[in-house]
Amino acid sequence: MKKISIGDLPVYRAAAPNVRDNLLLVDGTDGAENLSVGVGIYNKGQASEFHTHENEEEVMIYLRGEGLMRMEDGTEYSLKRGDITYVPANEPHRLYNTGDGEFVFLFVYSPMGPEKNIRKWDIVEGLSMTLDDLV
């Protein structure tokens with residue numbers, strides 16, 4: 001068992017042009033073997049690039065704000081607090097913040113993998129999050 005406090009976790013920021021922030025809540029560095037869990041925080045107008053998780057399934061639970069999931073075939077899904085998406089391995093997708101405030105969601109990868117790339121992003125010095133910042 002390991003106890004983790006959100007306020008003690010570093011905030012990782014992706015480089016331009018797809019700037020966005022992530023917290024990694026649990027992954028292999030915490031002893032997990034089969035999944036990783038984190039929080040994505042997209043400010044107004046921010047988006048991910050089109051990307052694919054080659055071997056990992058992804059579940060996202062939307063906690064705050066409004067967004068859009070676009071699939072490679074052009075299908076789009078509007079997203080809001082309380083929505084959940086499941087993206088199978090090898091399915092290209094892109095996530096956008098379409099609202100006026102922050103778009104915040106919990107993500108789970110199984111098996112682990114994509115969080116290793118997030119750990120390569122810059123750490124935002126002096127920025128910490130609380131649960132109130134996320135929900």
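The figures that follow rest on heavy atoms only: side chains count, while hydrogens, waters and symmetry mates do not. Please read all numbers here as calculations on a predicted model, not as lab measurements.
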So which heavy atom on [X] is nearest to which on [Y], and how close?
| X | Y | result |
| --- | --- | --- |
| Val135 | Leu63 | CG1-CD1, 3.9 Å |
| Ala14 | Trp121 | N-CE3, 3.3 Å |
| Asn22 | Ile118 | OD1-CD1, 3.2 Å |
| Gly28 | Met112 | N-SD, 3.2 Å |
| Gly7 | Ser128 | O-CB, 3.5 Å |
| Pro10 | Ile123 | CB-CG2, 3.9 Å |

A side-chain contact here means heavy atoms from C-beta on lying under 4.5 Å apart; do [X] and [Y] qualify?
| X | Y | answer |
| --- | --- | --- |
| Ile4 | Leu25 | no |
| Tyr12 | Leu24 | yes |
| Thr130 | Ile6 | no |
| Ile41 | Met129 | yes |
| Met60 | Val108 | no |

Hydrophobic clusters here meaning ILVMFWY residues chained together by side-chain heavy-atom distances under 4.5 Å, can you tell me if [X] and [Y] are in one?
| X | Y | value |
| --- | --- | --- |
| Met69 | Tyr109 | yes |
| Leu134 | Leu127 | yes |
| Leu9 | Val11 | yes |

- request: Show the numbers, then the answer: is there a salt bridge (Lys or Arg N to Asp or Glu O under 4.0 Å) between Arg20 and Glu49?
  value: CA-CA 11 Å; Arg20 61 205 188 271; Glu49 64 283 346; 3.3 Å; yes
task: Go through the steps to decide whether Asn18 and Arg94 satisfy the test side chain to side chain contact (heavy atoms under 4.5 Å, CB included), and finish with yes or no.
output: CA-CA 11 Å; Asn18 298 303; Arg94 186 173 188 190; 3.5 Å; yes
message: I need the full list of ring-ring contact (aromatic ring centres under 6.0 Å, His included) pairs touching residues 17-42, with sequence neighbours left out, sorted by first then second residue.
response: Tyr42-Phe105
field: Which residues share a salt bridge (Lys or Arg N to Asp or Glu O under 4.0 Å) with Glu66, sequence neighbours left out
entry: none
Less than 4.0 Å between a side-chain N and a carboxylate O, is that true for [Y] and [X]?
| X | Y | answer |
| --- | --- | --- |
| Lys116 | Asp27 | no |
| Asp30 | Lys2 | yes |
| Lys120 | Glu115 | no |

message: For the backbone of Phe103 and the side chain of Arg64, can you confirm whether one donor and one acceptor N or O come within less than 3.5 Å of each other?
response: no
- request: Give a yes or no answer on whether the side chain of Ser110 reaches the backbone of Asn34 with a donor-acceptor pair at less than 3.5 Å.
  value: yes
To the nearest 0.5 Å, how far apart are [atom1] in [X] and [atom2] in [Y]?
| X | Y | atom1 | atom2 | answer |
| --- | --- | --- | --- | --- |
| Leu106 | Leu23 | CG | CG | 10.5 Å |
| Gln46 | Asn97 | CD | CG | 7.5 Å |
| Thr85 | Leu95 | OG1 | CG | 7.5 Å |
| Leu35 | Glu56 | CG | CD | 12.0 Å |
| Asn43 | Asp100 | CG | CG | 12.5 Å |

Counterpart residues, side-chain hydrogen bond (donor to acceptor under 3.5 Å, both in side chains), relative to Asp73 (two or more places apart): Thr75
task: For the residue pair His53 and Glu91, confirm or rule out a side-chain donor-acceptor distance under 3.5 Å.
output: no
Of all residues at least two apart in sequence or in a different chain, which pass the side chain to side chain contact (heavy atoms under 4.5 Å, CB included) check with [X]?
| X | result |
| --- | --- |
| Glu57 | Tyr86 |
| Arg70 | Phe50, Leu68, Glu76, Tyr96 |
| Asp83 | Tyr62, Leu79, Lys80 |

- prompt: Counting heavy atoms not belonging to Glu33, are there more than 12 under 6.0 Å from its CD?
  reply: no
